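Data first, discussion second: the structure below is written as structure tokens.
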Amino acid sequence: MKITSWNVNSVRQRGTAVTEWLAAHQPDALCLQELKCQDEQFPAILKEGDYHCTVMGQKAYNGVAILTRQKPEATSLGLDGFDYEEARYLEVVIGDICIGNLYLPNGNSGGPAGFQKKLDFFTALTQRAHQKLIAGQAFIFLGDYNICPTDFDFAPGALDPHDALIRPESRAAWRRLLHLGLTDAMRVLHPHHPCYTYWDYQAGALPRNRGLRIDHALLSPFMADRLQAATVDRAEREKDRASDHAPVTFSFLPAR
DNA sequence: ATGACGGCCTGCGGCCGA
């Protein structure tokens, strides 16, 4: 089983790229963030393709979608406890596995209230993970977490020391989530390589490899036991008119 | 020291992203 996260930075700009990527890699699920469009503007080329599209759009900003080979057994839009009118969270159930796709607030805009929104999302997501652990449901929560968990997760000089992506309060919120017993899928498989997933468009960040690792997958124990591989598709980021994020894919062995 | 890129909008400059 393969599940991919990709912040596409406008799905309308990336319709062809996503279609070609799906055909080439054929994941079981593709989680998209930053659609930057409303449901009815979601590209027809994707709606009419081989994948089932579960879309939670929003005008201009945010927006998440999950494309699945199988039709989901259940879908859920939004995150209880995150009381903002922003399309940032979506779940589907495939087989016995819950896939949660998230676009966590950046936290650098909007002053203290903007930063609090980021912490509020973490609180709500932690609650959601806790509920699922209690219920014994297998899950993977993946997407753009907008956080570099440690100083190893960004290139020196790529971020201001006070950036919301590395503030101590942000990192503490991330750790509270992990302390439930979840696994950071990329880092557990690649402890000695940074595994950046984002490179700014500006100042030659990509050729200079001044990147960030901010797109993550957190796994429940059942999924962690079956984790096989995690890869960043840097070649996709290197294409013309690419998103500033690369697709990140997580592979799992079948149960038993 | 500065600028730089690329999305979006009842757009033509400003905001947001990370």
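Each chain gets a letter, A, B and so on, in the order its sequence line appears, and its residues count up from 1. Model, not experiment: these values are computed from the prediction. Excluded from the calculations below are hydrogen atoms, water molecules and symmetry mates; all remaining heavy atoms, backbone and side chain alike, are included.
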Gap in Å between the two P atoms, one belonging to B:dC15 and one to B:dG11, rounded: 16 Å

Taking the same atom, P, in B:dA18 and in B:dG14, what whole-Å distance lies between them? 22 Å

Here the residues of residues 151-163 of chain A within 4.0 Å heavy-atom distance, strictly under, of DNA chain B are none

Tell me, please, whether A:Phe252 has A:Arg226 positioned over its six-membered ring: NZ or CZ under 6.0 Å from the ring centre and within 45 degrees of its axis? no

Measure up the A:Trp21 and A:Trp6 rings against each other and bin them: parallel (under 30°), tilted (30 to 60°), perpendicular (over 60°). tilted

Once you apply a heavy-atom cut-off of 4.0 Å, does A:Arg12 come out as touching a base, just sugar-phosphate, or nothing? sugar-phosphate

Just to be sure I understand the rule, does A:Arg14 reach a base, reach only the sugar-phosphate, or reach nothing, if contact means heavy atoms closer than 4.0 Å? sugar-phosphate

I want to check something: taking the side chain as every heavy atom from C-beta on, are A:Leu102 and A:Leu79 in contact at a cut-off of under 4.5 Å? no

Please check if A:Phe141 and A:Ile97 belong to a single hydrophobic cluster, counting links between Ile, Leu, Val, Met, Phe, Trp and Tyr side chain heavy atoms closer than 4.5 Å. no

Nearest-nucleotide 5' precedence on DNA chain B, A:Tyr103 against A:Gln41: A:Gln41

Please figure out whether A:Tyr201 or A:Asn62 has its closest DNA chain B nucleotide nearer the 5' end. A:Tyr201

Any idea how A:Phe82 and A:Phe121 line up, ring-wise: parallel (<30°), tilted (30 to 60°), or perpendicular (>60°)? perpendicular

Gap in Å between the two C1' atoms, one belonging to B:dG7 and one to B:dC12, rounded: 16 Å

Aromatic ring pairing A:Trp174/A:His216, orientation class (parallel under 30°, perpendicular over 60°, tilted between): tilted

Quantified in whole Å, what is the P atom distance between nucleotide B:dA1 and nucleotide B:dC16? 27 Å

Joint cluster assignment, A:Met56 & A:Val11, ILVMFWY side-chain distance < 4.5 Å: no

If I pick the P atom on B:dG6 and the same atom on B:dT2, what distance separates them, to the nearest angstrom? 23 Å

Is the gap between the ring centers of A:Tyr198 and A:Tyr196 under 6.0 Å? no

Out of curiosity, A:Leu46 CG to A:Thr16 OG1, how far, rounded to the nearest 0.5 Å? 8.5 Å

Using a 4.0 Å heavy-atom cut-off, does A:Asn106 contact any base of the nucleic acid, only the sugar-phosphate backbone, or nothing at all? base

What is the first contacted nucleotide of DNA chain B and what is the last, in 5' to 3' order, if contact means an atom lying under 4.0 angstrom from a heavy atom of chain A? B:dA4 to B:dA18

